[in-house]
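Order of the sequence lines sets the chain letters (A, B, ...), proteins ahead of strands, with each chain counted from 1.
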Amino acid sequence: MDEFAENLRKEKFQVPVCTVCKAKSWPPSPFCQKCLSRTVFRKVKTEGILQEFATSFVRDHEGVFGIVDMDGIKIIGSFATDRLQKGMLVKMTKCGIKSGTPFYIFEPLR
Amino acid sequence: MRRVAIAASATSRFEKTTDKSIFELACEPCIDIIKNKEIGIDAVLLSTCSTEQYSSTIVAEMLGLRPKISHRIDNLCNSGTNAVASAYSMIAAGLCDSALVVGAEKSDSTGNRLVWDVTRGAFNFPVHWASMFAKAHMSKYGTTGKQMAAVSVKNRKNAARNKNALFQKPVSVEEVMSSKIIADPIKLLDCSRACDGSSALLLVSEQLARKFENPVWIKGIGQQTNSASFGKAAENLSSLDTASRAAKDAYLMAKTKPSEIDVAEVHDAFTILEIMAYEDLGFARKGKGGQYAESNKIAINPRGGILGCGHPIGATGVAQISEIAMQLSGKASERQVKGCKTGLVHNLAAAGSSATVVILGA
Ligand SMILES: [Zn+2]
């Protein structure tokens, strides 16, 4: 199993960061997309801007979800509330893997 | 570079599901093309996201062919158009004179969901990214659910004239608007459906094209690949940069422009994608795609598009090109667009992370 998923399983959100130029590699890759050097997993900022959100009624995938930009890391997360606004600051409060699929839970920041 | 023509095409009936293997599905339209024809096949390219090993070569053997070149092309929903671009290149370069391009898919294809893409988290169905696009387009340009419904109504109406389409029954704006919400604002009838299906094309060199009646010429191809992940594709949620850049290249290569296009098949896996396609292809001004949906002048998706025909992903791009080739050669029978001379195909994969535009001429 890859390191990203292993970390997620322990509820840790870590992203590969370049050992040379420090760029983040997202989605996770052993190589930096800027300079092609090797990357190592590091904790990154999990606050970001909510770009867009909607509500899903797909079976077993229900709920409010949105795309968040965390300093260039764009990720779809779920929200417990629909009292959201585009452009608001949000934070990842939990992550993990359920039935083999990653999940990321966010909430708005005051 | 040598000119390349589409000499023949065939499409199977798209069905919810069948007992047929991917190989049987792939062979069916090919048999229609090669049976009783004295033509050597130099290349067999199979477009599919099905994971059977050595699948293109198995299809070639089942068809009794010994081509020079045989391999599979897998690029999600874009596979079929990518396969045609590859076959075009091989013929244009002189590597071969004829290529059979076949697209085939089963409804339960692994290609229906990109598991690798962890940027999508738990919301990893295509409808989830489609809803992000729809909401962004609505809030930025005022596009409405009713305008999206108009796309579905048009394509389902067209599909009712296509015996190979999965959906044979037209739907009304009211039916689309009152269908179940899948991911707000996308409703059930804004969505296409995965199914079993196959389609095939015979591409030939200019010299071989003389042996066929009304060959259709490939005039321009543009392809752009931005990423595989939604996280990277989502730089701009209200337009698809890959599609607009691919279109620009294709128009340039074909020495034509949007106003010259008479007929088009565009990627409408969700209604919002067809609205974005109008803008990305230059048929409508940026932000006016919704209005264009209610008043479009060009014949768009005459076979019923993906919404009406169903979406066997590896077959879709081939079936789109097959439709435009039939239209331009005057063989589209009851759905023939009168007097069409130039046609366009627009296809996408995975949230528009890659796009292909092909321009054909009679
Ligand atoms: Zn680097």
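Heavy atoms of Trp129(B) lying under 4.5 Å from chain A are absent altogether. Looking at Phe65(A), the atoms closer than 4.5 Å to chain B (heavy atoms on both sides) sit in the backbone and in the side chain alike. With a 4.5 Å cut-off on non-hydrogen atoms, Val115(B) does not touch chain A at all. With a threshold of 4.5 angstrom between heavy atoms, Val64(A) approaches chain B through N, CA, C or O but not through any side-chain atom. When heavy atoms are compared at a cutoff of 4.5 Å, Lys98(A) does not approach chain B at all. Contacts of Phe125(B) with chain A are made by side-chain atoms alone, with heavy-atom separations under 4.5 Å and no backbone atom involved.
More than 12 heavy atoms of other residues, nucleotides or ligands shown are found within 6.0 angstrom of NZ on Lys232(B). Counting non-hydrogen atoms of neighbouring residues, nucleotides and ligands closer than 6.0 angstrom, the NZ atom of Lys34(A) reaches no more than 12 such neighbours. By the 6.0 Å contact criterion, NZ on Lys146(B) is open, its count of non-hydrogen atoms from other residues, nucleotides or ligands being 12 or less. The local environment of NZ in Lys286(B) is crowded, with over 12 non-hydrogen atoms from other residues, nucleotides or ligands closer than 6.0 Å.
Of all non-hydrogen atoms in Pro27(A) and Trp116(B), the two that sit nearest each other are CG-CH2, 3.4 Å.
With Lys135(B) contributing its side chain and Phe53(A) its backbone, the two residues share a donor-acceptor pair below 3.5 Å.
Taking CH2 of Trp26(A) as the reference point, atom OG of Ser227(B) lies at 13.0 Å (rounded to 0.5 Å). Considering CZ of Phe123(B) and OG of Ser56(A), their distance stands at 5.5 Å, rounded to 0.5 Å.
Lys74(A) forms no cation-pi arrangement with Phe230(B), by the criterion of a distance under 6.0 Å to the ring centre and an angle within 45° of the ring axis.
No side-chain heavy atom of Thr119(B) sits less than 4.5 Å from a side-chain heavy atom of Ile76(A).
Of all the listed residues (Ile181(B), Ile186(B), Leu237(B)), the one sharing the greatest number of non-hydrogen pairs under 4.5 Å with chain A is Ile181(B). Between chain B and the residues Leu8(A), Thr55(A), Thr101(A), the most heavy-atom pairs under 4.5 angstrom are made by Thr55(A).
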- Hey, mind stepping through Glu52(A) and Phe133(B) against side chain to side chain contact (heavy atoms under 4.5 Å, CB included) and telling me if it holds? CA-CA 9 Å; Glu52(A) 193 56 82; Phe133(B) 285 147; over 6 Å; no
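In this structure, His128(B) and His61(A) have tilted ring planes: the angle between them lies in the 30° to 60° band.
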